Colleague: 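Before we start, here is the structure in question, set down as structure tokens.
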Amino acid sequence: MRLNAAWLLGVLGPRARDALPALLKILREGDPQLRLKAVWAAGRIGAEAAVPELMRRLREKDLSLRMSAATALGDIGTPARACLKDLAAMLDD
């Protein structure tokens, strides 16, 4: 159910901004599929408040999660400018 809810929040995009704190909480949990979906949804919502947590995901061991976080930061756009150095470092990975 939580996976479907995260997906739906991503589909809603910016209209789901109020749910962002719950999505960011999921990013600190253990379920890999749920974390991937929460990263995707946070990027689709596009809130600047998600940037610090997504930047932390760039340092994860899980390559899929790191790649999803990079994509989500790109979806957020200009507000995610602070992560450019971290993203550039990924080019050497």
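Below, each value reflects all heavy atoms present in this structure, side chains not excepted, and no hydrogens, waters or symmetry copies. Keep in mind that what you see is a predicted model, and the values were worked out from it rather than measured.
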Colleague: Rounded to the nearest 0.5 Å, what's the gap from CE on Met67 to CD on Glu60? Could you check?
Modeller: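 Those atoms lie 14.0 Å apart.
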Colleague: Are Leu27 and Leu24 packed together at the side-chain level, in the sense that at least one heavy-atom pair is separated by less than 4.5 angstrom?
Modeller: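 Yes. Closest side-chain heavy atoms under 4.5 Å.
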Colleague: Between the side chains of Glu29 and Lys25, is the shortest nitrogen-to-carboxylate-oxygen separation below 4.0 Å, so that they form an ion pair?
Modeller: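 Looking at Lys25 and Glu29, the cut-off is not met.
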Colleague: Locate the shortest heavy-atom distance separating Leu9 from Ala41; write the atom from each residue and the value.
Modeller: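 Minimum heavy-atom separation between Leu9 and Ala41: C-CB, 4.5 Å.
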Colleague: Within this structure, what is the CZ-CG distance for the pair Arg35 and Leu3, rounded to the nearest 0.5 Å?
Modeller: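 Atom-to-atom, Arg35:CZ and Leu3:CG are 14.0 Å apart.
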Colleague: Taking the side chain as every heavy atom from C-beta outward, state whether Leu73 and Asp86 have any pair of such atoms under 4.5 Å apart.
Modeller: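 No, their side chains stay 4.5 Å or more apart.
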Colleague: For the residue pair Ala72 and Leu54, what are the closest heavy atoms and their distance?
Modeller: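 Of all heavy-atom pairs spanning Ala72 and Leu54, the closest is CB-CD1, 4.0 Å.
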Colleague: Hey, what do you get for CH2 (Trp40) to OG1 (Thr71), rounding to the nearest 0.5 Å?
Modeller: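 Rounded to the nearest 0.5 Å, the CH2-OG1 separation comes out at 12.5 Å.
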Colleague: What's the spacing between Arg2 CZ and Leu34 CG if we round to 0.5 Å?
Modeller: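 Separation between the atoms: 5.0 Å.
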Colleague: With a 4.5 Å limit on heavy-atom distance, are the side chains of Arg28 and Glu53 in contact?
Modeller: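 They are in contact (side-chain heavy atoms under 4.5 Å apart), so the answer is yes.
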Colleague: Mind checking the NZ-CD1 spacing from Lys37 to Ile26? Nearest 0.5 Å is all I need.
Modeller: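 With rounding to 0.5 Å, NZ (Lys37) is 12.0 Å from CD1 (Ile26).
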Colleague: Mind listing the closest non-hydrogen atom pair of Leu58 and Ala70 along with its distance?
Modeller: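 Looks like CD2-N, 3.7 Å.
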Colleague: Please report the shortest heavy-atom distance between Ala49 and Pro52, naming the atom on each side.
Modeller: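 Taking every non-hydrogen atom into account, O-CD, 3.5 Å.
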Colleague: Taking side chain as C-beta onward, heavy atoms only, is Ser64 less than 4.5 Å from Leu36?
Modeller: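 Yes; the side chains approach each other to less than 4.5 Å.
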Colleague: Looking at every heavy atom in both Gly46 and Ile76, which two are closest together, and how far apart are they?
Modeller: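 Where Gly46 meets Ile76 most closely, the heavy atoms are CA-CG1, 3.7 Å.
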Colleague: So which atom in Ala82 and which in Met55 form the shortest heavy-atom distance, rounded to 0.1 Å?
Modeller: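 That closest heavy-atom pairing would be O-CE, 3.8 Å.
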